[in-house]
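Every chain is numbered from 1 and lettered A, B, ... according to where its sequence line falls, protein lines coming before strand lines. From a predicted model like this one, the values you see are computed outputs, not experimental measurements.
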Number of protein chains: 2
Amino acid sequence: MKKNNKKIDWRSICPISSSLDVLGDKWSLLIIRDLIIHESRTYSQFLESPEQIATNILASRLNLLSHLKLIERVNLKSASRNNAYQLTKGGEALKPIIKSLGKWAGEHLSEFNPNMLKINETL
Amino acid sequence: MKKNNKKIDWRSICPISSSLDVLGDKWSLLIIRDLIIHESRTYSQFLESPEQIATNILASRLNLLSHLKLIERVNLKSASRNNAYQLTKGGEALKPIIKSLGKWAGEHLSEFNPNMLKINETL
DNA sequence: CCGGATCCTTGTCGATACTG
DNA sequence: CAGTATCGACAAGGATCCGG
């Protein structure tokens with residue numbers, strides 16, 4: 001049987017905790033970020049991002065985010081193979097939050113990661 | 001030798017990625033959340049939160065967040081033992097982001113975690 | 001080739017016991 | 001009370017394999 005571990009164990013009834021139960025890892029929000037920047041991405045395009053996610057991690061995150069209806073598969077006429085992902089309404093709603101995170105990092109993390117770009121240069 | 005691994009390996013120069021290199025786990029932002037709600041917390045008060053963080057994880061996160069200057073130790077006259085933590089300016093700056101996350105979860109995650117509370121205005 | 005699935009190694013998490 | 005040590009479980013990460 002497929003590893004269909006869609007069951008999330010919610011640690012509490014706190015909404016902040018619940019958001020972290022879902023997005024509290026190093027990769028999920030990065031996938032959302034790519035979809036904010038590029039509108040749509042294929043599997044191999046995700047792999048081209050500089051952070052170099054592993055194929056199995058990417059697949060599991062795409063499954064989870066699809067299940068949560070934050071992203072969805074789309075058929076692109078432009079692509080030869082019709083399999084790309086893009087944000088749903090729910091995923092789009094994360095856009096200002098992720099931009100704020102980037103802005104915050106530029107203001108408070110430059111000391112520790114000096115090479116980091118400012119947010120305007122990336123988004 | 002002590003595990004003094006304060007070195008963070010930044011995956012890229014992207015500020016969003018950098019913020020996740022630091023806060024992209026299930027516990028760091030929950031510690032910040034507690035300090036937003038309560039102003040200051042002691043070690044054992046953190047342990048009382050409903051999500052039940054393990055003691056070693058709590059200690060390592062408190063160290064990391066202190067090193068990043070997002071939280072700081074304070075001496076409380078009110079407490080018999082003078083060891084509590086509170087947010088710095090940098091940590092305070094996360095407040096609107098965390099509130100937005102809670103609001104987002106209430107709007108887009110209730111379907112999956114039905115018992116979840118709605119975020120209240122006072123938080 | 002592209003989109004994954006599978007195997008395997010390594011590292012981190014997390015529960016609990018223990019210490020100053 | 002504020003952490004540290006230990007150890008098993010499990011997830012991450014790398015490499016490779018496979019179906020279309």
Provide, to the nearest angstrom, the distance between the [atom1] atom belonging to [X] and the [atom2] atom belonging to [N].
X	N	atom1	atom2	value
Glu51(B)	dA15(C)	CD	C1'	17 Å
Gln52(A)	dG14(D)	CD	P	8 Å
Gln45(B)	dG3(D)	CD	C1'	16 Å
Asn83(A)	dG20(D)	CG	C1'	11 Å
Ile53(B)	dT12(C)	CD1	P	17 Å

Considering non-hydrogen atoms only, spot the tightest contact between Arg61(B) and Ile31(B) and give its length.
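The answer is CB-CD1, 3.5 Å.
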Considering all heavy atoms of both residues, which atom of Leu70(A) and which atom of Trp104(B) are nearest to each other, and what is their separation?
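Taking Leu70(A) first and Trp104(B) second, the nearest heavy atoms are CD2-CZ2, 3.6 Å.
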Residue [X], side-chain heavy atoms: nucleotide from [options] that is nearest:
X	options	answer
Asn56(B)	dT6(D), dG3(C), dG3(D)	dT6(D)
Ile57(B)	dC13(C), dT4(D), dG3(C)	dC13(C)
Ala54(B)	dT16(D), dA2(D), dG14(C)	dG14(C)
Thr42(A)	dG4(C), dA2(D), dG3(C)	dG3(C)

Looking at Glu51(A) and Lys26(A), is any side-chain nitrogen of the basic one under 4.0 Å from a carboxylate oxygen of the acidic one?
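Salt bridge flag = no for Glu51(A) with Lys26(A).
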N/O (side chain, [X]) to phosphate O (OP1/OP2, [N]) under 4.0 Å:
X	N	value
Arg73(A)	dG3(C)	no
Trp27(A)	dA11(D)	no
Ser44(A)	dC2(C)	no
Tyr85(A)	dG4(C)	yes
Arg11(B)	dA12(D)	no

Side chain of Thr55(A), base of dA5(C): donor and acceptor closer than 3.5 Å?
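Result: at least one qualifying N/O pair found.
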Any sub-3.5 Å donor-acceptor pair from Ser19(B)'s side-chain atoms to Ile16(B)'s backbone N or O?
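Flag set: sc Ser19(B) to bb Ile16(B) pair under 3.5 Å.
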State whether the side chain of Tyr43(A) and the backbone N or O of Tyr85(A) hold a donor-acceptor pair below 3.5 Å, judged by distance alone.
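No.
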